Amino acid sequence: MRDFKDTALLQVEGLTKRYGARIGCADVSFDLWPGEVLGIVGESGSGKSTLLSCLAGHLTPDHGRVLYQGRDTLAMNEPERRVLGRTDWAFVHQNPRDGLRMGVSAGGNVGERLMAVGARNYGAIREAATDWLARVEIDAGRIDDRPRQFSGGMQQRLQIARNLVTGPKLVFMDEPTGGLDVSVQARLLDLLRGLVRDMGLSVILVTHDLAVARLLADRLMVMQGGHVIEHGLTDQVLDDPQAPYTQLLVSSVLQV
Ligand SMILES: Nc1ncnc2c1ncn2[C@@H]1O[C@H](COP(=O)(O)OP(=O)(O)OP(=O)(O)O)[C@@H](O)[C@H]1O
């Protein structure tokens, strides 16, 4: 029998998206393995967000395939894709406002996701929400506060709790620490690293920050002009970059 660890969780083949004549991403192929964190790096406009949106089903690519556990996600109908988005998949946005309901309490933001997958016992939902707030280091006394009463870092941690409470297998992250102070970023990165490890999550992480990529990603894909120009283990890519563009990217960070 084939061990599931021998099967890629996500198989991406020849993914291409154009905006008119402009290339969004071109001919991107890779496999993502269970429990693996894949970082997608590159400068602004290199195609990172386009690729992530195509993978997560927010954008329809012009060509290519995305297989999740062998199922063709692009061939799924809308209800099937919505179920996947609520159960096995999660999406952490750069701006917590895009991933939270700002008019709903912190506990409600977390509990709502459980209800979306069928939880009905109010006591159990509140208990799970309290537990998750603690896991992301939000004081239980803040459970009835609205996210707008939270700091940026707290909002981001709440967005993470809302996404992880249902125990997804694959999490898409778009610059999850972007827009935060350096000290807040460091704490959030630590928390994310722990959660990813403890839950055995597979992650596709978009970041322009090579320090974030170094801390979180097992493997890196470097993009330029919509193409993947280098792909390898994170330490290998950052310590011994092969493509001239990657060398420039790495050296420009080191000079800062
Ligand atoms: N909605 C759109 N319409 C037209 N062109 C677009 C659109 N979105 C992205 N593009 C173009 O596609 C290319 C890739 O952009 P994309 O946003 O994916 O890059 P990125 O690496 O995520 O950049 P950033 O880090 O600034 O978000 C760019 O040339 C961009 O101008």
Side-chain angles (χ1 to χ4, degrees), residues 10 12-30 32 37-66 73-74 81 85 89-100 152 155-156 159-160 163 170-182 184-185 188-189 192 202-217 219-232 234 237-238 241-256:
L10 200 71
V12 179
E13 296 165 7
L15 211 60
T16 300
K17 172 73 186 172
R18 289 177 178 279
Y19 302 99
R22 189 174 300 138
I23 294 174
C25 63
D27 200 22
V28 177
S29 302
F30 66 91
L32 181 76
V37 180
L38 175 69
I40 303 174
V41 298
E43 66 187 348
S44 181
S46 57
K48 306 180 300 292
S49 304
T50 300
L51 175 59
L52 194 71
S53 298
C54 288
L55 295 171
H58 300 165
L59 257 183
T60 307
D62 302 322
H63 303 287
R65 295 207 306 167
V66 179
T73 63
L74 299 172
R81 208 172 299 153
W89 289 10
F91 197 107
V92 176
H93 297 266
Q94 171 173 4
N95 187 341
R97 284 167 188 273
D98 296 332
L100 288 173
Q155 287 181 7
Q156 195 55 303
Q159 190 194 181
I160 289 163
N163 269 281
L170 172 59
V171 186
F172 299 97
M173 296 186 188
D174 188 4
E175 306 273 10
T177 59
L180 299 170
D181 296 353
V182 176
V184 177
Q185 267 194 25
L188 187 64
L189 276 171
L192 270 177
S202 297
V203 177
I204 298 184
L205 164 78
V206 159
T207 180
H208 68 276
D209 187 334
L210 295 185
V212 170
R214 166 91 80 185
L215 266 176
L216 285 182
R219 239 180 343 134
L220 284 188
M221 291 202 313
V222 183
M223 293 189 76
Q224 182 188 26
H227 295 266
V228 174
I229 55 147
E230 188 155 355
H231 187 175
T234 300
V237 170
L238 295 182
Q242 299 299 307
Y245 173 77
T246 316
Q247 290 168 357
L248 203 68
L249 211 65
V250 171
S251 66
S252 66
V253 174
L254 292 178
Q255 278 160 18
V256 174

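When a ligand or atom number is given, it counts from 1 through the structure's own listing order. The residues of the chain are indexed from 1 along the displayed sequence. Values reported hereafter were calculated over all heavy atoms of this structure, with side chains retained and with hydrogens, waters and symmetry mates removed. Here the structure is a predicted model, which is why all the values come from computation and not from measurement.
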- Message: Which heavy atom of Gly57 sits nearest to which heavy atom of Arg81, and what is that distance?
- Response: O-NH1, 3.8 Å

- Give the intermediate values and the outcome of side-chain contact (heavy atoms from CB on, under 4.5 Å) for residues Leu216 and Val203. CA-CA 9 Å; Leu216 285 182; Val203 177; over 6 Å; no

Numbered atoms of ligand 1 (with element) below 4.0 Å of [X], judged on heavy atoms:
X	value
Ser44	23 (O), 24 (P), 25 (O), 26 (O)
Lys48	18 (O), 19 (O), 20 (P), 21 (O), 22 (O), 23 (O), 25 (O)
Thr50	14 (C), 15 (O), 16 (P), 18 (O)
Ser46	19 (O), 20 (P), 21 (O)

- Heavy-atom check, side chain of Glu43 versus side chain of Tyr245, under 4.5 Å: yes

- Side chains of Cys54 and Leu59: does their closest heavy-atom pair fall under 4.5 Å? yes

- When you measure from atom 5 (N) of ligand 1 to each heavy atom in Arg22, Glu43, His208, which option holds the nearest one? Arg22

- ligand 1-proximal atoms of Ile23, by part, heavy-atom distance under 4.0 Å: backbone

- Is Gly47 in polar range of ligand 1, meaning some N or O pair under 3.5 Å apart? yes

- Message: Would Gly45 count as a polar contact of ligand 1, with the cut-off being nitrogen or oxygen pairs under 3.5 Å?
- Response: yes

- atom 17 (O) of ligand 1 has as its nearest protein heavy atom Ser49 CB, 4.0 Å

- Any idea which protein heavy atom is nearest atom 9 (C) of ligand 1, and the distance to it? Tyr19 CE1, 3.4 Å

- Task: Would you please name every residue forming a side-chain hydrogen bond (donor to acceptor under 3.5 Å, both in side chains) with Gln155, sequence neighbours left out?
- Result: none

- Message: Once rounded to the nearest 0.5 Å, what's the spacing between atom CG of Leu38 and atom CZ of Arg219?
- Response: 5.5 Å

- Query: Looking at residues at least two apart in the chain, or sitting in another chain, which of them share a ring-ring contact (aromatic ring centres under 6.0 Å, His included) with His63?
  - Reply: none

